[in-house]
Amino acid sequence: MPKSKGPKTGPVFFDLDAEGSVDAFAGGQPHPADAPPVPETMPETMPEMEPSGHAMRSVAALAARRPSVLARLFWGLLLSLLMFVTSVAAWGFVTDLLAISPVLGWIATGLGASFVAVLAVIALREFATLARLKRIDGIKAAAAEVTDLNAARALTARLNALYAGRADMRWGQDRLAEASADVFDADAQLALAETALLASLDARATREVEAAARQVATVTALVPLALADVVTALAANLRMIRRIAEIYGGRGGVLGNWRLTRSVLTHLVATGAVAVGDDLISSVAGGGLLSKVSRRFGEGIVNGALTARVGVAAIEVCRPL
């Protein structure tokens, strides 16, 4: 009997372009050509991957949050108790030391008195800082109520006295004194005061805002450490607000800087300026080229832009006019 031919071995080729060929994707199987295109933007199911300015929003929420009455009472009582215990312990230490050795006791008394004197000087400086900030707020409030030339000139005199003794303001003060005699309108008087006294300060404050925004954006984009962007954003914004306040005449102090920071960030949170949303920052950083290359670069753009917003708000708060 002839030998039966067994099954052929080896690859089998199908010509899909020829007529009558076997359709490998028949029977309801999808064809690769029918697959939808890959979307270029982030899917809506992954909003957490879009740049959102997490660092700056965290800083703003942290600084603008008002403590509760119970928290204030707790910290106030704790501070009072610590001061009382420290005072009693120091008094007992000095009296015991006087009983043992009068010389050492008087040395400890002198050191303690010096320390208390330094604390008093620091407290007076803080009160002076708060008074100066209140003085700037008073000038700003008075500027909104100016209606005639006499009131404008009185306000200009208050503004000129605010910057008295500053060497960098001497040229502007001389220019203001020379040109004030030729001004006979309240609006023109205020415009002259702004041009002569505040124009150079505005330029310096703008440079501080730009430097802080660049620093926050760079650190956010290049440093992948956890919480590094939040710490950098907090430090950069606090330093920026302090320098802007010093530029416009509000000398630095711990309480004064904290008051300014709370005022600026509370204003931003209340007006929604720290929410990115669908504004220009989100459209540029969230779906732009940099965020496609690296999400950290997009996050850096958002944090830098929000830092600039904080700087603009700080200028508005600290500027006398």
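Position 1 is the first residue of the sequence; numbering continues from there.
A single hydrophobic cluster is seen to contain both Trp75 and Leu82, as judged by linkage of ILVMFWY side chains at heavy-atom distances under 4.5 Å, directly or through other members. Residues Leu97 and Trp106 are members of one and the same hydrophobic cluster, defined by side-chain heavy-atom contacts under 4.5 angstrom among Ile, Leu, Val, Met, Phe, Trp and Tyr. In the hydrophobic cluster analysis, where Ile, Leu, Val, Met, Phe, Trp and Tyr join through side-chain heavy atoms closer than 4.5 angstrom, Val103 is grouped together with Leu111. The cluster map of Ile, Leu, Val, Met, Phe, Trp and Tyr, joined by side-chain heavy atoms under 4.5 Å apart, puts Ile122 and Phe115 in different clusters.
A salt bridge is defined here as a Lys NZ or Arg NE, NH1 or NH2 lying under 4.0 Å from an Asp or Glu carboxylate O, and Arg204 with Asp168 meets this definition. Salt-bridge formation is not detected for the pair Glu145/Lys140: no Lys NZ or Arg NE/NH1/NH2 atom is positioned less than 4.0 Å from an Asp or Glu carboxylate oxygen.
When all heavy atoms of Val146 and Leu155 are compared, the closest pair comes out as CG2-CD2, 3.8 Å. The heavy-atom pair separating Pro320 from Leu159 by the smallest distance is CB-CD1, 3.6 Å. The nearest pair of heavy atoms linking Ile244 to Glu208 is CG1-CB, 4.5 Å. Annotation for Val216 and Ala236: closest pair CG2-CB, 3.7 Å, computed over non-hydrogen atoms. When all heavy atoms of Leu321 and Ala143 are compared, the closest pair comes out as CD2-CB, 3.6 Å. Taking both residues in full, the closest heavy atoms of Leu201 and Met169 are given as CD2-SD, 3.7 Å, listed atom of the first, atom of the second, then distance.
Note that CG of Leu197 and CZ of Arg166 are 10.0 Å apart. Values are rounded to the nearest 0.5 Å. Here the straight-line distance linking atom CG of Leu124 with atom CG of Leu119 works out to 11.0 Å at 0.5 Å rounding. Atom CD1 in Ile107 sits 8.0 Å away from atom OG in Ser101 (nearest 0.5 Å). Between the CD atom in Gln189 and the CG atom in Asn150 there is a gap of 10.5 Å [rounded to 0.5 Å].
Remark: side-chain polar atoms of Asn237 are paired, donor with acceptor, to backbone N or O of Ala233 under 3.5 angstrom. A donor-acceptor distance shorter than 3.5 angstrom exists from the side chain of Gln173 to the backbone of Tyr163, with no hydrogens or angles considered. With hydrogens and angles ignored, the 3.5 Å screen pairs no side-chain donor or acceptor of Arg243 with any backbone N or O of Leu238. Between the side chain of Thr95 and the backbone N or O of Gly92, at least one donor-acceptor pair lies under 3.5 Å.
With contacts defined as side-chain heavy-atom distances shorter than 4.5 Å, the pair Cys318/Ile136 does not qualify. Counting heavy atoms from C-beta on, the side chains of Glu316 and Val312 come closer than 4.5 Å. Side-chain contact check for Arg153 versus Ser180: every heavy-atom pair is 4.5 Å or farther apart. In this structure, Val209 and Val310 have side chains that are not in contact, with every pair of non-hydrogen atoms separated by 4.5 Å or more. Considering only heavy atoms from C-beta on, Arg175 comes within 4.5 Å of Thr195 through its side chain. Within the 4.5 Å cutoff, side-chain heavy atoms of Ile315 are placed close to those of Tyr248.
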Assess whether side chain to side chain contact (heavy atoms under 4.5 Å, CB included) is satisfied between Leu149 and Asp185, documenting all intermediate values.
CA-CA 6 Å; Leu149 180 60; Asp185 182 73; 5.7 Å; no
Working for side chain to side chain contact (heavy atoms under 4.5 Å, CB included), residues Trp91 and Val94:
CA-CA 5 Å; Trp91 177 261; Val94 171; 5.7 Å; no
Test side chain to side chain contact (heavy atoms under 4.5 Å, CB included) on Glu194 and Asp202 and set out the steps.
CA-CA 10 Å; Glu194 288 211 9; Asp202 292 339; 5.6 Å; no
What's the verdict on side chain to side chain contact (heavy atoms under 4.5 Å, CB included) for Asn303 and Val219, showing C-alpha distance, side-chain angles and the deciding distance?
CA-CA 10 Å; Asn303 286 333; Val219 173; over 6 Å; no
